[in-house]
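Here, residue 1 is the first one in the sequence, and each next residue gets the next number.
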Amino acid sequence: TDRLTKVTRRLAQAYTVFIAAQKATQAVTDSVKGYGELEAAQIKVQKTTDLARDEIVKMTEELQNLATEVTPTATNELLRYAEVAGQLGVEGTDNILQMVAAADALNVSTDLAGDEAATLLTRILTMTKEGVPSIDNLASAVVELGNTTATTESEIVQMTKEIVTGTTALGLGSTTAAAYGATLKELGQTGERSRSAFIRLSATIQNAVLNGGEELEQLSLITGQTAEELEKNLGERPEAILNDFIDGLSRVKDEGGTTQNALKAFGITANESISVFDALANNVDRLARNVRNASDASEQGNKHIIEAAKAYASQESTVSRLVNKFTELKARVGEAYSDDTDEAIRNFSKLIDDNAEAIVSMMDYVVELGKDVLEFGLALGESAGALLDFGGKINVVKGFVDSFRAGLNLIMGTLRFAASGLLEVRIQFLEFFNAVSVSGRQFDENIANLRESQSKLFKGAEGDFSDAKGAI
């Protein structure tokens, strides 16, 4: 019994060391994988932005600092925003970082996802020709409108895109478009209907100002602006024309007229378009308030940052930043191994190729040896049973057979345990290749099969040691 206990303890110690080695290997593997994911994200940014490698590395350091000191958003996700910026044609590190910061602020403080915010706001600013440097102004206006109207930020941004599309001929700015979009959304108008209405009105205003004639007279009458003012505002302040036009429609209604008749003079007769402008004419105070709030917020350019700061200060964000710190640390550990990773992969591959046949042969030999020993043990067991049929008079033989069977069980248990260790080596090789492979987890099925075989070996070894203990 003491001998069995000593053997079991040694096996347990060996298994503990084996598990510790496995955990250490897994830690290195995870670190290499973490750095690989970071490097893959950097490559995507470089591909879409055409920035030099050293610029990408510098940008990554900026984003890592943002992820660990300010925002709960992970570095790889921030790099995803940068990738989107590149896809949308944003140029220059400063512009990309500004867009990433604005998108992240909207991500943590509104119902907009970060990449969605980056995509929509950048496209809007591209359409208005304001460019990414104005992204903080637009983001600030959107957040302010989200706080002061019965709409969400995602709804406002979607409607803003529709209004901007509809007013391309006029060149309406993004801030005013956001105010109109929020107002129309509050009033139950759809994006498609609003876009179509403004396309018609924009074309009418442009033609009237450029071509003059009766339409220009009507436009001057309803807006209260002279022909010279209309021409100047068309190039410099198109929002002034639109605002005065809506005020003029409201005034017509107050004087007993109808929106339908007023719009008919400009050739706008579609019922859906009339409903859009009629809704605005009935809510000029609401529209004016939204335009004013959006303009003030845009000028301040920090409403989204103020809202984000509240989210950044939460306990959940603090925990997320801690996780980001560990993730960064893991990536740095992986980077430390990265220079040797390619060589290690080649060496491991060569090692497996050179020794695969030998390992298989050895495993086959172990299995066959185990079978032979097991069969021999069973045969002896049967012989012992036959000898014991003589009425238990051969106690010496029984004691010898029991001792021998206990020894065989110890041998079989040890062999099974050793075989499971060899399987673990193969499993760890495959896990490592899975982690560093650019093609994904190619060896999952092989690993699953090996784990199943290993489980059977562990159970067999446990049974062998238990039988040995019972025999002793």
Using a 4.5 Å cut-off on heavy atoms from C-beta on, say whether the side chain of [Y] contacts that of [X].
X: Thr73; Y: Tyr81; answer: yes
X: Thr71; Y: Asn107; answer: no
X: Lys459; Y: Ser455; answer: yes
X: Leu242; Y: Leu201; answer: yes
X: Ile241; Y: Leu230; answer: yes
X: Leu287; Y: Ile246; answer: yes

Original post:
Are Glu55 and Gln46 close enough, and set up right, to give a side chain to side chain contact (heavy atoms under 4.5 Å, CB included), and what steps lead you there?
Top reply: CA-CA 9 Å; Glu55 293 179 289; Gln46 187 172 13; over 6 Å; no
Original post:
Residues in ring-ring contact (aromatic ring centres under 6.0 Å, His included) with Phe245, at least two apart?
Top reply: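 By the ring-ring contact (aromatic ring centres under 6.0 Å, His included) rule, Phe245 matches Phe266.
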Original post:
Of the options Val84, Leu79, Ile96, which is the one that meets Val45 in a side-chain contact (heavy atoms from CB on, under 4.5 Å)?
Top reply: Leu79
Original post:
Out of Ile163, Leu125, Val157, which one pairs with Ser174 under the side-chain contact (heavy atoms from CB on, under 4.5 Å) rule?
Top reply: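 Testing each of Ile163, Leu125, Val157 against Ser174, the sole residue satisfying side-chain contact (heavy atoms from CB on, under 4.5 Å) is Leu125.
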Got a second to check how far [X]'s [atom1] is from [Y]'s [atom2], nearest 0.5 Å?
X: Lys185; Y: Leu145; atom1: NZ; atom2: CG; result: 14.5 Å
X: Glu153; Y: Leu120; atom1: CD; atom2: CG; result: 13.0 Å
X: Glu239; Y: Ser295; atom1: CD; atom2: OG; result: 8.5 Å
X: Ile124; Y: Thr160; atom1: CD1; atom2: OG1; result: 5.0 Å
X: Asp254; Y: Leu249; atom1: CG; atom2: CG; result: 11.0 Å
X: Leu187; Y: Asn283; atom1: CG; atom2: CG; result: 4.5 Å

Atom of [X], atom of [Y] and distance for their closest heavy-atom approach:
X: Met99; Y: Ile135; result: CG-CD1, 3.4 Å
X: Ile156; Y: Val142; result: CD1-O, 3.8 Å
X: Thr183; Y: Leu280; result: CG2-CD2, 4.0 Å
X: Asn207; Y: Glu215; result: CB-OE1, 4.4 Å
X: Ala67; Y: Thr75; result: CB-OG1, 3.5 Å
X: Gly166; Y: Ser202; result: O-OG, 3.2 Å

Original post:
Do the side-chain N and O atoms of Glu162 and Ser194 include a donor-acceptor pair separated by under 3.5 angstrom?
Top reply: no
Subject >> Distance-only donor-acceptor check, side chains Gln225 and Asn233, under 3.5 Å >> reply: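 Looking only at side-chain atoms, Asn233 and Gln225 do form a donor-acceptor pair, the distance falling under 3.5 Å.
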Main-chain N/O of [Y] paired to [X] side chain as donor or acceptor, under 3.5 Å:
X: Ser134; Y: Asn137; result: no
X: Thr168; Y: Thr165; result: yes
X: Thr167; Y: Leu170; result: no
X: Glu77; Y: Ala74; result: no

Original post:
In this structure, which one of Thr175, Asn243, Asn290 forms a side chain to side chain donor-acceptor pair (under 3.5 Å) with Tyr180?
Top reply: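 Exactly one pass, corresponding to Asn243.
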**OP:** For Thr204 and Leu219, run side chain to side chain contact (heavy atoms under 4.5 Å, CB included): C-alpha distance rounded to whole Å, both residues' side-chain angles, the deciding distance at 0.1 Å, then the answer.
**Re:** CA-CA 9 Å; Thr204 297; Leu219 183 60; over 6 Å; no
Subject >> Test log, rule salt bridge (Lys or Arg N to Asp or Glu O under 4.0 Å), inputs Arg80 and Glu83 >> reply: CA-CA 5 Å; Arg80 166 63 184 155; Glu83 179 190 352; 3.5 Å; yes
**OP:** May I ask you to say whether Lys310 pairs ionically with Glu307, meaning some side-chain N is under 4.0 Å from a carboxylate O?
**Re:** yes
Original post:
Please walk me through it: do Leu263 and Thr269 pass side chain to side chain contact (heavy atoms under 4.5 Å, CB included)?
Top reply: CA-CA 7 Å; Leu263 292 172; Thr269 58; over 6 Å; no
**OP:** Just do the side chain to side chain contact (heavy atoms under 4.5 Å, CB included) check on Glu192 and Arg195 with the steps written out, would you?
**Re:** CA-CA 5 Å; Glu192 182 179 359; Arg195 181 184 70 242; 3.6 Å; yes
**OP:** Would you mind listing every side-chain hydrogen bond (donor to acceptor under 3.5 Å, both in side chains) that reaches into residues 113-125, with sequence neighbours excluded?
**Re:**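 Counting only pairs at least two positions apart or across chains, no side-chain hydrogen bond (donor to acceptor under 3.5 Å, both in side chains) contact touches residues 113-125.
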Subject >> Over 12 foreign heavy atoms within 6.0 Å of CD, Glu231 >> reply: no
**OP:** Would you list the pairs meeting salt bridge (charged side-chain N to carboxylate O under 4.0 Å, His left out) in which at least one residue belongs to residues 260-286, sequence neighbours left out?
**Re:**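 Found Glu186-Arg286, Lys253-Asp278.
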